[in-house]
2 protein chains.
Amino acid sequence: MEPLTERQQQVLNYVSSCLDQNSCPPTLREISEHIGTAGTVTAMRHLEALEKKGYVQRREGSRGIALTNRPNIPVPLPVVGTVRAGAPEPAIEDISGYVSVDPSWIKGTGCFFLQVKGDSMIEAGILDGDLALIQPQPIADNGQIVVAMIDGEATLKHFYREEDHVRLEPRNRNMASIIVSEAEGFTIIGKLLKTVRNYS
Amino acid sequence: MEPLTERQQQVLNYVSSCLDQNSCPPTLREISEHIGTAGTVTAMRHLEALEKKGYVQRREGSRGIALTNRPNIPVPLPVVGTVRAGAPEPAIEDISGYVSVDPSWIKGTGCFFLQVKGDSMIEAGILDGDLALIQPQPIADNGQIVVAMIDGEATLKHFYREEDHVRLEPRNRNMASIIVSEAEGFTIIGKLLKTVRNYS
DNA sequence: CTTTTTAGCTATCAAATGATACCCATATCA
DNA sequence: TGATATGGGTATCATTTGATAGCTAAAAAG
C-alpha cells in the first residue's frame, strides 16, 4: 500500500479513532478542527488523497467515510433461533443477540448465525444447540450442507440435486432423506460456513 | 432489558444494519424512509423510546446514534497446531495465525485456539481439523473436556478423577481410556470452551 | 372517563454539512 | 522551466439534517 504523508496519517488516525469511540465517522469540519486547519477544503483534500491511495472509501452524504483496511475487526452478526420462509435474511424479531466474528469467517453480506435444533446432523458432528454460520444464497452445490426451508421449518441438511428432484440428506441413521421436487414450497436459505459449539 | 415494540425493533435493526454495512449510523430521514414514514418526527420518537429503554445512546449532531450493547472490543487469539509440554501458553513459534472472536467467548486470559488432530472425540462431535478454543488451567472438573499432555502429545479428552488416578476418556468406540497416575509426565493444559468447524 | 403510550402526519427553521470556485506557497520531478 | 503533488486559506451555496410546533388516532392502563 502506498505510504502516507504525516498529515494524511493524522487524518486517517483521527477517522479511525472516531469510529472506535463513536462508531460514527467525523464530519469534514471535525477533521479540520482536529488537525488545526480552517475551512473544510484541506480536510477534503486529505480524504481525497486517502481514497486515491486506497485507505478510505467515501460515500455520498454526511460523514460518508469508511475505512477500507480494518483488518481483524470482528464483524457483529445476528443470532437467530428460527428462519422465516421466503426471507433471504433473518427477520428482525427473531434476532436473539449478536456475536462478533473474525471477518475472515464470513463471505459476502448478510451472514448470520442460526441455532441448530434437533439431531438430524449428529453423525456429521453437528449437535443440537450448535451455532451454524450461514451465508444466504438460493442455490447450492452437490454435497454441501444447506439450510433449507421445508414446511415452514428451517433444517440443516446435505444437499444433492438428482435428475428431476432434490434430495436433502440427514446424517442420522434413524432419519430418512427428504425428496422434494423443486419449486414446491421448498427454498434454500443459505449454505453452511461454520459451526460453533459451546461447552461449560 | 425492556421489550421493544415491533416498530422500535425495526428501527433498532435498521440502525444496526447501517452500522454493519456503512460503519456509520443513519440519519433521521434515512430511518423514516426505511420504515416507510414521512417526515422525521416519527423516527425521532422511536429513537427517543429506544434511548429511554436503554438500547441506544444519542449524541448531538448528525447521525448521533450509537448502540449501547454492541460488542466492539476485538480479541485476537493465536491459533496453534501443537502445544508444548509444560508450557501454559502456546509457544510463539507454533502460532499459525490469529482469529478475533467475540469477547463473550473467552474466559480469563491466555485463551488460544488449538487445531484438533485425530478422531478420538468423533462421537462427541469433535472432528479432525476443528478449532478448539482452550482456556489454560491446570485443573478440571469431572466430565469436562480438557487438553491433556500425554507423552509429549496434546490430546482432547473427557476428564475424570477416580480414586488415586485420572481417567482420560475418548469418545470413539475404537479407542480405550487412558489411565494416568498424577504427576508422572501428565499435565492438563486447559479446558475446552468452544469448538469451531469450517466448511466449504 | 381520563391519562399515557404508541404511531403517525404536515410544515417550518436554524444549524450543520459537503462541495465548489478561486487564491497562495513550497517542494519535487521531469 | 514548467508541471505536479502537497498543504493551506477565504468565501459562498445548495442540501441535509436535527429539532420543534401543532394536529390526529388507536389502544392500553388507571
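In what follows, chains carry the letters A, B, and so on, assigned in the order in which the sequence lines appear, proteins first and then strands, with residues in each chain numbered from 1.
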What nucleic acid atoms does A:G64 come within less than 4.0 Å of, heavy atoms only: base, sugar-phosphate, or nothing?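 No contact at all - A:G64 keeps every heavy atom at 4.0 Å or more from the nucleic acid.
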Dump the pairs, protein N or O against N or O of nucleotides 8-12 of chain C, anything under 3.5 Å, distances to one decimal.
| residue | atom | partner | partner atom | Å |
| --- | --- | --- | --- | --- |
| C:dG8 | OP1 | B:R7 | NE | 2.7 |
| C:dG8 | OP1 | B:R7 | NH2 | 2.9 |
| C:dG8 | OP2 | B:R7 | NE | 3.4 |
| C:dG8 | OP2 | B:H46 | NE2 | 2.9 |
| C:dG8 | O6 | B:R45 | NH1 | 3.4 |
| C:dC9 | OP1 | B:A38 | N | 3.2 |
| C:dC9 | OP2 | B:A38 | N | 2.9 |
| C:dC9 | OP2 | B:A38 | O | 3.2 |

With a 6.0 Å cut-off (strictly less than), is the heavy-atom count around CD of B:Q57, excluding the residue itself, greater than 12?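 Open.
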Between D:dT6, C:dA19, D:dT17, which one does the side chain of A:T5 approach most closely?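 Selected nucleotide: D:dT6.
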With sequence neighbours excluded, what pairs up with A:R7 under the side chain to side chain contact (heavy atoms under 4.5 Å, CB included) test?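 Side chain to side chain contact (heavy atoms under 4.5 Å, CB included) check on A:R7 returns A:T5, A:Q10, A:I35, A:T37, A:H46.
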Within the sub-3.5 Å range, which N or O atoms of nucleotides 28-30 of chain D have a protein N or O partner, and how far apart are they?
none

What is the separation between atom [atom1] on [X] and atom [atom2] on [N], rounded to the nearest whole Å?
X     : N      : atom1 : atom2 : answer
A:I65 : C:dT17 : CD1   : P     : 12 Å
A:E48 : C:dT20 : CD    : C1'   : 11 Å
B:M44 : C:dT6  : CE    : C1'   : 16 Å

Between the first and last five pairs of the helix from C:dC1-D:dG30 to C:dA30-D:dT1, the angle of the axes, rounded to 10 degrees: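 Overall, the helix from C:dC1-D:dG30 to C:dA30-D:dT1 bends by 30° from one end axis to the other.
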Which atom names give the shortest non-hydrogen contact between A:L77 and A:C111, and what distance separates them?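 Shortest heavy-atom contact: CD2-O, 3.6 Å.
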List in chain and number order the residues that pass side-chain hydrogen bond (donor to acceptor under 3.5 Å, both in side chains) with A:E60, two or more places apart in sequence or in another chain; answer none if no residue qualifies.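 side-chain hydrogen bond (donor to acceptor under 3.5 Å, both in side chains) list for A:E60, sorted by chain: empty.
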Name each donor-acceptor pair under 3.5 Å that joins a side chain in residues 122-135 of chain B to protein atoms two or more places apart or in another chain, with its distance.
| residue | atom | partner | partner atom | Å |
| --- | --- | --- | --- | --- |
| B:E123 | OE2 | B:R173 | N | 3.1 |
| B:E123 | OE2 | B:R173 | NE | 3.1 |
| B:D128 | OD1 | B:G118 | N | 2.5 |
| B:D130 | OD1 | B:R197 | NE | 2.9 |
| B:D130 | OD2 | B:L127 | N | 2.9 |
| B:D130 | OD2 | B:R197 | NE | 3.3 |
| B:D130 | OD2 | B:R197 | NH2 | 3.1 |
| B:Q135 | NE2 | B:K107 | O | 3.4 |

